[in-house]
Amino acid sequence: MDEKRIIEKLNILADAAKYDVSCASSGSKRKNENKGLGNASNGICHTYTEDGRCVSLLKILLTNHCIFDCAYCVSRSSNDIKRAAFTVQEVVDLTINFYRRNYIEGLFLSSGIFKDADFTMERLVRVAKKLRTEHKFNGYIHLKSIPGASDELMREAGLYADRLSVNLEMPTEEGLKLLAPEKNRQDMIQPMGFLKNEIILRTEEKTLFKKAPIFAPAGQSTQVIVGATPETDHQVLHTANHFYKNFNLKRVYYSGYVPVISDKRLPDLHTSVPMVRENRLYQADWLMRFYGFQVNEIVNGQNPHLDLDIDPKLSWGLRNLHVFPIDINKADLQLILRVPGIGLQSAHKIVSARLFGRLNWDQLKKIGVALNRAKYFITCHSPQFEKRDLTGTAIKQYILSQSQSKYLKNSVTQLNLF
Amino acid sequence: MMTTLVYDGSFEGLLTAVFEIYEHKLQQVKIQKWEWLSTALFEDVIKIVTDQNRAGRVLQGLQQRLATASMQRLYAIHMAGFDGEDATIIGYIRYIFDSKINVEEDYGNKYVLRMAELLRMIRREKHRMEAFIRFQKLQDETFYSAIEPDFNVLPLLGKHFKNRYTDQKWIIYDMRRNYGLYYNLHELEFITLDFSTARPDNVISTYTEDEGLYQNLWKNYFNSVNIPARKNTKLHMRHIPKRYWRFLTEKI
């Protein structure tokens with residue numbers, strides 16, 4: 001193997017793939033039952049980049065040659081950059097050798113479009129097939145499905161991959177038309193629909209026949225770029241909600257747009273990455289998936305954007321003070337989950353612990369409740385009650401004066417707001 | 001009156017101490033490992049002699065009150081070797097014995113809560129080891145890794161890595177506690193290595209030929225996936241604290 005060339009290829013093709021934010025390696029259940037290599041189930045982040053993002057998979061493009069010219073993409077055909085392509089065997093060797101040294105949980109393989117969708121997709125599938133059948137590899141494989149690829153190839157991909165994803169790229173069809181006029185939203189939705197049905201079918205089959213092969217056990221995900229086009233958080237979260245509900249997606253990723261190319265349709269090259277907004281979107285996404293919030297409770301016509309200075313649950317709490325205060329020793333779990341400053345784990349601990357006696361502030365703090373926020377919304381087995389007759393604005397001011405957002409130092413735009 | 005119990009540091013020793021507490025109806029106790037004992041002149045000190053029979057009776061009592069998984073957690077917390085936390089374990093066991101109902105989830109109780117905290121620390125350390133272990137391939141095809149976990153979690157790592165790497169020989173070595181875990185393609189065993197004869201400059205020569213290449217590729221990969229426009233050093237440091245860096249290929 002030519003060491004210099006392979007290092008160069010890896011640098012080019014990892015660099016081009018890094019804007020894809022998905023790095024999950026959990027949610028599968030592939031066991032090492034064939035005395036082979038690896039098991040996909042744990043979801044371990046093996047390292048973190050200097051920007052603080054998790055590295056769990058070898059995330060690379062098969063090639064950054066591309067026939068398309070999407071405005072937001074570094075690999076766009078009109079961009080003057082170095083091009084490279086891996087062979088199928090090179091990707092397999094890298095994956096196996098990185099996995100054996102415990103650098104990674106598996107492979108995330110995406111690609112520029114070589115010739116057409118099927119030509120490209122066929123190669124991605126071949127990598128996965130080789131890993132599974134020739135190397136008895138049970139690690140995690142995430143394949144990026146190429147929009148427009150045939151159903152037959154998608155079906156084969158599902159047999160070898162743990163997760164499949166098609167990126168929506170832009171939150172709305174208009175956004176996509178503006179920045180990627182050659183791409184078609186329907187081409188992205190069609191494979192998602194196909195996979196959704198196939199997953200349901202295969203899961204039913206699996207309950208009937210234990211020996212039936214597993215099919216994309218970690219499901220589907222997608223990604224939308226935020227901040228390249230003028231969509232509101234309302235539009236972004238409604239899109240996400242639509243795909244969670246109608247396509248059974250496991251995850252929607254929000255990628256704050258990193259300006260990499262100068263183009264008059266795009267934000268200026270010196271625009272900073274909307275990291276706070278991205279973080280708020282993930283918090284809102286969590287509220288929808290784990291805390292029982294409807295999307296309309298988080299954003300709506302009157303509040304189309306998430307607050308940047310406070311988290312979306314606190315924001316909801318302040319708009320709905322009539323629900324509070326609630327008694328921590330009596331309220332339902334569902335309601336406790338809605339208290340700003342109380343997370344999933346603390347909520348469950350509270351409900352377990354109160355069977356043994358009523359809880360006070362001190363105990364709540366030890367359980368892990370963020371009292372600086374929660375104290376305005378709850379009562380407990382203590383005489384003091386913090387809410388008094390404070391207005392939402394006053395509470396917000398108190399909370400903000402006591403805390404410092406961890407993002408403030410990093411975000412110039414955020415500081416300019418004050 | 002405060003009584004100080006000193007014991008040999010073993011789990012059976014700790015259980016024997018519990019037996020003594022009940023036998024002599026001791027109320028206020030302190031517990032210390034034998035090696036740490038500093039004799040205070042006016043303190044009442046009992047030296048616990050580990051007794052399999054007494055320890056067994058306490059264990060049996062615990063087994064009647066706790067599920068198997070809870071027993072394993074209790075054992076893991078003791079084995080992890082937290083400084084000064086034996087009092088928590090004793091307090092927890094006494095609370096279990098003194099309660100008529102199952103109090104394992106009474107997080108309002110200070111012992112139950114502290115045990116949950118210790119368990120969380122162990123789990124985090126175990127998880128970090130599962131993430132941060134970096135194997136290097138030696139000439140005899142064994143994959144070798146050195147670690148220095150804050151707590152003694154090596155015994156908890158065997159199952160994970162055995163499931164993952166069934167078809168390769170590997171060693172994980174705890175440099176701080178000077179013992180390791182070896183998987184020989186069939187089973188796990190604990191080992192001790194003698195490093196006094198090995199010279200550091202010689203270690204490289206025991207690697208396979210392509211080891212350097214893959215370490216290099218990994219370092220390059222690590223640098224290529226960074227997005228400078230999103231630099232966030234604080235977050236980076238929180239995820240990979242500096243004390244782990246000297247074992248991480250990409251950070252060396």
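Computed from a predicted structure; not experimentally measured.
Put simply, CG on B/N226 and OG1 on A/T49 are 5.5 Å apart, with the number rounded to the nearest 0.5 Å. Taking SG from A/C45 and CZ from B/R128, the interatomic distance works out to 12.0 Å, rounded to the nearest 0.5 Å. In this structure, A/L355 CG and B/D106 CG are separated by 9.0 Å, a value rounded to the nearest 0.5 Å. Note that CG of A/N97 and CG of B/L213 are 8.0 Å apart. Values are rounded to the nearest 0.5 Å. How far CD1 of A/I7 is from NZ of B/K219: 11.0 Å, rounded to the nearest 0.5 Å.
Counting non-hydrogen atoms of other residues, nucleotides and ligands closer than 6.0 Å to CZ of B/R176 gives a total above 12. Within 6.0 Å of atom OH in B/Y75, 12 or fewer heavy atoms from other residues, nucleotides or ligands are found, so the atom counts as exposed in its surroundings. Counting non-hydrogen atoms of neighbouring residues, nucleotides and ligands closer than 6.0 angstrom, the CD atom of B/Q63 exceeds 12 such neighbours.
Heavy-atom neighbours of chain A within the stretch residues 163-172 of chain B, taken at a separation under 4.5 angstrom, comprise B/N163, B/R164, B/Y165, B/T166, B/D167, B/Q168. Applying a 4.5 Å heavy-atom cutoff, none of the residues of residues 146-159 of chain B approach chain A.
Classification of the B/W218-A/Y103 ring pair by plane angle, with boundaries at 30° and 60°, yields parallel.
No salt bridge links B/E141 with A/R100; every basic N to acidic carboxylate O contact stays at or beyond 4.0 Å.
Among residues at least two apart or in separate chains, salt bridge (Lys or Arg N to Asp or Glu O under 4.0 Å) pairs with a member in residues 353-365 of chain A are A/D362-A/K366.
If you measure heavy-atom distances from B/Y221 to chain A, the contacts under 4.5 Å come from both the backbone and the side chain. Contacts between A/L359 and chain B at a heavy-atom distance below 4.5 Å involve the side chain alone, from C-beta outward. Only the side chain of B/E250 comes within contact range of chain A, judged by heavy atoms closer than 4.5 Å. Heavy atoms closer than 4.5 Å to chain B are found nowhere in A/I12, neither backbone nor side chain. Contacts of B/I133 with chain A are made by both backbone and side-chain atoms, with heavy-atom separations under 4.5 Å. For B/V112, no part sits under 4.5 Å from any heavy atom of chain A, backbone or side chain. If you measure heavy-atom distances from B/E117 to chain A, the contacts under 4.5 Å come from the side chain alone. Only the side chain of B/F161 comes within less than 4.5 Å of a heavy atom in chain A; its backbone stays farther off. Looking at B/K110, there are no atoms closer than 4.5 Å to chain A (heavy atoms on both sides), in backbone or side chain. Neither the backbone nor the side chain of A/K31 comes within less than 4.5 Å of any heavy atom in chain B. In this structure, chain B has no heavy atom under 4.5 Å from any part of A/E8. Contact of A/I104 with chain B is made through backbone and side chain together, with heavy-atom distances under 4.5 Å. In this structure, no portion of A/N138 lies under 4.5 Å from any heavy atom of chain B. Of the atoms belonging to B/T249, it is side-chain heavy atoms, and not backbone ones, that fall under 4.5 Å from chain A.
In plain terms, the two heavy atoms of B/A131 and A/H46 that are nearest each other are O-ND1, 2.9 Å.
Annotation: side chain of B/E105 is not in contact with side chain of A/V351 (no heavy-atom distance under 4.5 Å). Looking only at side-chain heavy atoms (C-beta outward), B/V103 and A/F356 come within less than 4.5 Å of each other. Contact of the B/R230 side chain with the A/V258 side chain is registered, since non-hydrogen atoms from C-beta on lie closer than 4.5 Å. Side-chain contact between B/R134 and A/T47: present, with at least one pair of heavy atoms (C-beta onward) separated by less than 4.5 Å.
Among A/K136, A/E33, A/R53, the residue with the largest count of heavy-atom pairs under 4.5 Å with chain B is A/R53. Taking A/D15, A/I44, A/I350, A/N11 one by one and counting their heavy-atom pairs under 4.5 Å with chain B, the maximum is reached by A/N11. Top candidate by heavy-atom pairs under 4.5 Å with chain A, chosen from B/I240, B/N220, B/L113, B/I227, is B/I227. When B/A116, B/S224, B/S145, B/A229 are compared by the number of non-hydrogen pairs under 4.5 Å with chain A, B/S224 comes out ahead. The choice from A/L13, A/L94, A/N42 that makes the most heavy-atom pairs within less than 4.5 Å of chain B is A/N42.
Looking at B/H236, its side chain does come within 3.5 Å of a backbone N or O of A/Y48 through a donor-acceptor pair. At least one donor-acceptor pair under 3.5 Å links the side chain of A/Q363 to the backbone N or O of B/G108. In this structure a side-chain-to-backbone donor-acceptor pair under 3.5 Å is missing from A/K349 to B/Y107.
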Practice task
For salt bridge (Lys or Arg N to Asp or Glu O under 4.0 Å), just list the numbers for A/R101 and B/E211, CA-CA rounded to whole Å, side-chain angles, deciding distance to a tenth of an Å, and then say yes or no.
Solution key: CA-CA 10 Å; A/R101 287 166 177 77; B/E211 179 56 31; 2.8 Å; yes

Practice task
Could you give me the CA-CA distance, side-chain angles and deciding distance for B/K162 and A/N32, then say whether side-chain contact (heavy atoms from CB on, under 4.5 Å) is met?
Solution key: CA-CA 10 Å; B/K162 191 180 169 207; A/N32 189 347; over 6 Å; no

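Every residue two or more places apart in sequence or in another chain that forms a side-chain hydrogen bond (donor to acceptor under 3.5 Å, both in side chains) with B/K126 is listed here: B/E130.
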